[in-house]
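Single-structure report; data block below.
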Amino acid sequence: MKLWSILGNSQKLDGGAMFGNAPKAMWERWSSVDADNRIDLACRALLASPLNGKTVLFETGIGAFFEPKLRERYGVQESHHVLLDSLREAGFSHEDIDVVVLSHLHFDHAGGLLAAWEEGQSPRLLFPNATFVVSAACWDRARVPHPRDRASFISELPALLEASGRLEIVDGEHSRALGRSVCFHFSDGHTPGLMLAEIVGPELIDGEPHGGVVFCADLIPGRPWVHVPITMGYDRNAELLIDEKREFLEDKLARNVHLFFTHDPGCALAQVTRDAKGKFGTAHENVELHARELAG
């Protein structure tokens, strides 16, 4: 099995919103801002093939489904569907994807499922041969959003996924599509049922898999958020997320599971570290992955 980091459309979002209650004097050491106080964000997917005999894409980024006015409002930088170009550069097309795993259905993680916006055209689902895997709680949230995050969802998407006949709703550690090759962890601090997919590593130590890769989604959007107290203003329950993150990082450190970041513009993959004071950090950072073998 080999791994590729697949860049999608990039975003610029308000730095204060991305770093919650952390003061700017702290977070501007990690992220530079433009004249509108926005920071650069990637929307990066992870491609694994063959995984359980299939070509699997973890998330699709924000895509290019927004009309121009909304594209500007949400800071999407490119008008074309960058993810499709990145897949081609890696030697794949969206038709080649057998499974798409979605951590949740916020538009910056699931918008890439849709074709690029065209005037007068209704939203159209891409990935015609893929099974779409999403958690039960995220599915329920997308169908009946809370007023706080209703704007984060694509109203047409649940019906399109359901009509495809290729939707798998997961309510446990494994899916039918991927079997035991992928283990799911769950978090509720950002959104109910956030599904964190771990590609199970090649080593087995004391009955526990070691050396895998986990898609961190919005539990840990990038390296700055590895620091346990740092959360986003978009998180529904910051205190819960902090507790979930600490437990998550302790587990990944103990089992040498590497972190894959979707929103970090400068790092796709890193190893978890912890210093003498107990503060988590990262090492062995990779800007991109290109046909990288999964190794312990």
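These numbers come from a predicted model, not from an experiment.
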Heavy-atom check, side chain of V182 versus side chain of V56, under 4.5 Å: no
Pair Q271, N256: side-chain N/O donor-acceptor within cut-off below 3.5 Å: yes
Salt bridge (Lys or Arg N to Asp or Glu O under 4.0 Å) assessment of K12 paired with D36: CA-CA 10 Å; K12 289 180 180 288; D36 295 319; over 6 Å; no
Side-chain heavy atoms of V133 within contact of M195, under 4.5 Å: yes
CD/E72: more than 12 non-hydrogen atoms of other groups inside 6.0 Å: no
Check: M232 main-chain N/O paired with D235 side-chain donor or acceptor under 3.5 Å: yes
Validation row: L46, L269 side chains within 4.5 angstrom (heavy atoms): no
H227 and its ring-ring contact (aromatic ring centres under 6.0 Å, His included) partner, picked from F19, F280, W30: W30
Approximate separation, where rounding is to 0.5 Å, of D264 CG and C216 SG: 10.5 Å
Within 6.0 Å of CD in Q77, more than 12 heavy atoms from elsewhere: yes
Linked, directly or transitively: L105 and F186 (ILVMFWY side chains, under 4.5 Å): no
E168 side chain to T131 side chain, donor-acceptor N/O pair below 3.5 angstrom: no
CD on E244 to CG on L249, rounded to 0.5 Å: 11.5 Å
Gap separating the OG atom of S103 from the CG atom of L219, nearest 0.5 angstrom: 10.0 Å
Any side-chain donor near an acceptor of the partner, R236 and H190, under 3.5 Å: no
Inter-residue atom distance M1.CE - S49.OG, 0.5 Å rounding: 9.5 Å
Under 3.5 Å side-chain donor-acceptor pair for R180 and N52: no
Residues R38, D34: salt bridge by 4.0 Å N-O rule: yes
Geometric class of the F107/F66 ring pair [parallel <30°, tilted 30-60°, perpendicular >60°]: perpendicular
Distance-only polar pair, side chains of E285 and T282, donor-acceptor under 3.5 Å: yes
R176 atom CZ, over 12 foreign heavy atoms within 6.0 Å: no
Close side-chain approach of F215 to L196, heavy-atom, < 4.5 Å: no
Pair K245 + E250: basic N to acidic O under 4.0 Å: no
Backbone of K277 reached by a side-chain donor or acceptor of D275 within 3.5 Å: yes
Co-membership, hydrophobic cluster, residues W4 and F260, 4.5 Å side-chain: no
Residues V101, L57; criterion side-chain contact (heavy atoms from CB on, under 4.5 Å); working and verdict: CA-CA 6 Å; V101 179; L57 187 67; over 6 Å; no
E156 vs R124, salt bridge (Lys or Arg N to Asp or Glu O under 4.0 Å): CA-CA, chis, key distance, verdict: CA-CA 9 Å; E156 301 91 345; R124 178 171 59 87; over 6 Å; no
S5 (side chain) donor-acceptor with L289 (main chain) under 3.5 angstrom: yes
Distance, nearest 0.5 Å, that separates CG of L102 from CG of L167: 9.0 Å
Single-linkage hydrophobic cluster, 4.5 Å side-chain cutoff, L114 and W117 together: no
Same apolar cluster: L83 and L161, side chain cutoff 4.5 Å: yes
Among V100, L47, V214, L51, side-chain contact (heavy atoms from CB on, under 4.5 Å) partner for F58: L51
Heavy-atom donor-acceptor pair, D96 side chain to S93 backbone, under 3.5 Å: yes
H81 side chain vs G112 backbone, donor-acceptor pair below 3.5 Å: yes
Separation of T191 OG1 from N237 CG (nearest 0.5 Å): 11.5 Å
Residue D171 excluded, over 12 heavy atoms near CG under 6.0 Å: no
Modelled atom types, side-chain donor and acceptor of D218 and H263, under 3.5 Å: yes
R274 CZ: over 12 foreign heavy atoms closer than 6.0 Å: yes
same_hphob_cluster(F65, L70) at 4.5 Å side-chain heavy-atom cutoff: yes
